[in-house]
Amino acid sequence: MNQIQKLIGFFTLFAVVFFTSQFNSKSTEYNISKEIEITGDQDAMRSRGSGAHDSLEITPNYENPPNIELSDLIYNPSRNTVPIVNEEYNTIFFLVAKAASSEWIRFFMRLNSSPLWCGNSIHRKSHQGLKFLSDYSIEEATEIMTSKDWTRAIFVRNPKARILSAFLDKVLAHERVFVRDKCPTYAKLGGDYDECVEKKDDFSFFLHNITTTMNKNVHWRTIYSRVDEKWWPYMNYVANMENLQGDAEHFLKSIKSNVSGDSAWNRIGTTGWGTNERDCHNLGDSAFLSKKDTRHKTNAKDKLRKYYNPDLEKFIETHYADDLHNPFFHFTEMKLYDEGDEELI
């Protein structure tokens, strides 16, 4: 009888241990799969910046991808919307004016070992020594834009800060150039030249008149309109200016040389940058973007409430809705006024 009880006890214990282990295994498997589950393309997700959203709401169609066309914004060389291509790092970088674009041009020039990266003429393509998507055949460009082996990166910026930054830099800081170059163009497009000169310092005039009449200008056009809509799902690294230095480091650590295996960050990102990158003889010892060039700094974020009122904020929210409400940018909400407020909050 004792032997029978012992056998029954042994089998009972074995059954409990067996079923418990099976349950825990399934439970653990379920929890792990739940943790790693993401919406969208996992290959694209691996390169997301810390300032970007956590999931893609539109999945790239790698089975039947679109093709590059001559008229594409990202391919037509007559436009300033064509991205930089770096073959060694399998990277395509989309510049955005007023989102550290000058600094990024300098970085990619330096990554190519160009001695002109710290000069004053970095915006002349003849001085850059960079390759652009339009330098490739349609077939090659299509492969670059649809291959999972390439990183397609862009840094975006909330339009409330970005458009004010454009006004502070391109109008207030360069009034003579604005009057000389932009007011005649504004007049040719139907605006009043004298009014443009007279009201050049008026932010409201700039928003209501200049940005709407000259809406293709690279410094204040919407970021979303810089890339053909069919290509946005294939952008696999979207980060923003809210965490510029951190996202830049994260991004540059994620792209690695197909020659040496080193990341772009380790190669030239960790040091050699300062507050005046136009002075080639006195380079700094800081990391990239840790000390943004003071000549190019407009402190737009600190000045938002000085220039905006409720109506101007609503203007941005309406006219730049493409940037504020799309499946890719996911900006942190920036609200300067509550509904009905006349005073700043």
Side-chain angles (χ1 to χ4, degrees), residues 39-40 48-49 51-60 72-74 79-81 83 94-101 152-171 186 189 191 202-235 237-244 247 298 300-301 303-342 344-345:
T39 303
R48 287 285 136 178
H53 53 292
D54 294 327
S55 65
L56 290 173
E57 296 177 24
I58 300 179
T59 305
D72 282 1
L73 287 164
I74 67 168
R79 298 190 172 107
N80 50 23
T81 49
F94 291 76
L95 297 167
V96 174
K98 310 314 301 174
S101 59
R152 292 169 285 275
I154 189 169
F155 275 64
V156 297
R157 188 178 187 182
N158 190 297
K160 293 178 185 179
R162 177 173 168 260
I163 303 310
L164 177 56
S165 179
F167 173 71
L168 297 176
D169 181 26
K170 300 303 175 184
V171 183
Y186 173 68
L189 294 172
D202 185 340
F203 186 47
S204 178
F205 175 80
F206 174 76
L207 288 183
H208 286 97
N209 297 77
I210 301 299
T211 67
T212 55
T213 303
M214 304 167 64
N215 58 8
K216 299 300 182 184
N217 185 283
V218 64
H219 295 99
W220 50 77
R221 71 180 296 170
T222 63
I223 298 172
Y224 192 74
S225 72
R226 292 178 57 85
V227 176
D228 308 275
E229 196 163 0
K230 66 183 179 181
W231 293 117
W232 276 111
Y234 295 85
M235 303 290 282
Y237 199 108
V238 180
N240 64 56
M241 291 279 286
E242 291 179 19
N243 183 30
L244 178 59
D247 273 3
T298 51
K301 187 174 182 180
K303 299 176 181 177
L304 284 171
R305 299 177 182 227
K306 178 181 176 182
Y307 287 88
Y308 278 100
N309 59 40
D311 288 338
L312 297 185
E313 182 176 32
K314 288 177 182 176
F315 178 93
I316 292 290
E317 291 172 350
T318 300
H319 288 79
Y320 289 84
D322 283 353
D323 284 353
L324 292 170
H325 307 291
N326 66 66
F328 308 100
F329 296 0
H330 288 228
F331 292 119
T332 300
E333 184 177 12
M334 180 188 292
K335 196 71 178 174
L336 303 177
Y337 293 89
D338 281 333
E339 282 295 324
D341 276 3
E342 294 184 1
L344 287 167
I345 60 173

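Every value quoted in this text rests on a predicted model; they were computed, and no experiment measured them. Heavy atoms only: backbone and side chains are in, while hydrogens, waters and symmetry mates are out. Counting begins at 1 with the first residue of the sequence.
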Please list, chain by chain and in numerical order, all residues satisfying side-chain contact (heavy atoms from CB on, under 4.5 Å) with H319, sequence neighbours excluded.
T212, F315

I'd like to know whether the aromatic ring centres of W232 and F329 sit less than 6.0 Å apart in this structure.
yes

Start with the C-alpha gap between R157 and L244, add the side-chain angles, then the distance that decides, and say whether side chain to side chain contact (heavy atoms under 4.5 Å, CB included) holds.
CA-CA 10 Å; R157 188 178 187 182; L244 178 59; over 6 Å; no

Determine, step by step, whether L207 and I163 satisfy the side chain to side chain contact (heavy atoms under 4.5 Å, CB included) criterion, reporting the C-alpha distance in whole Å, the side-chain angles of both residues, the deciding distance to 0.1 Å, and the verdict.
CA-CA 9 Å; L207 288 183; I163 303 310; 3.6 Å; yes

As a quick check of understanding, evaluate side chain to side chain contact (heavy atoms under 4.5 Å, CB included) for Y337 and K314, giving each step before the final call.
CA-CA 9 Å; Y337 293 89; K314 288 177 182 176; over 6 Å; no

For [Y], does its backbone N or O pair with a side-chain atom of [X] as donor and acceptor, under 3.5 Å?
| X | Y | result |
| --- | --- | --- |
| N240 | V156 | no |
| K160 | M334 | yes |
| S165 | K98 | no |

Would you say that [X] contacts [Y] through its side chain, given a criterion of any heavy-atom pair below 4.5 Å between the two side chains?
| X | Y | result |
| --- | --- | --- |
| V171 | I210 | no |
| M235 | F94 | yes |
| T332 | E242 | yes |
| L312 | H208 | yes |
| H219 | D169 | no |
| T222 | P159 | no |

Mind running side chain to side chain contact (heavy atoms under 4.5 Å, CB included) on L164 and L168 for me, showing each step along the way?
CA-CA 6 Å; L164 177 56; L168 297 176; 4.0 Å; yes

What closest approach, in Å, do [X] and [Y] show between heavy atoms, and which atom pair accounts for it?
| X | Y | answer |
| --- | --- | --- |
| P60 | P233 | CG-O, 2.9 Å |
| A97 | V218 | CB-O, 3.3 Å |
| N326 | H330 | O-CD2, 3.9 Å |
| S101 | L95 | O-CD2, 3.8 Å |

Cationic N near anionic O, under 4.0 Å, K335 to E317:
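Between E317 and K335 there is a salt bridge, with a charged N closer than 4.0 Å to a carboxylate O.
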
Pick from F206, F203, Y320, F167: which one makes a ring pair (Phe, Tyr, Trp, His ring centres under 6.0 Å) with W220?
F206

What distance separates [X] [atom1] from [Y] [atom2], expressed to the nearest 0.5 Å?
| X | Y | atom1 | atom2 | result |
| --- | --- | --- | --- | --- |
| S204 | N309 | OG | CG | 7.0 Å |
| N209 | F205 | CG | CZ | 4.0 Å |
| D323 | F328 | CG | CZ | 12.5 Å |
| K170 | N217 | NZ | CG | 9.0 Å |
| N158 | L324 | CG | CG | 5.5 Å |

Sequence neighbours excluded - salt bridge (Lys or Arg N to Asp or Glu O under 4.0 Å) pairs with any residue from residues 206-229:
none

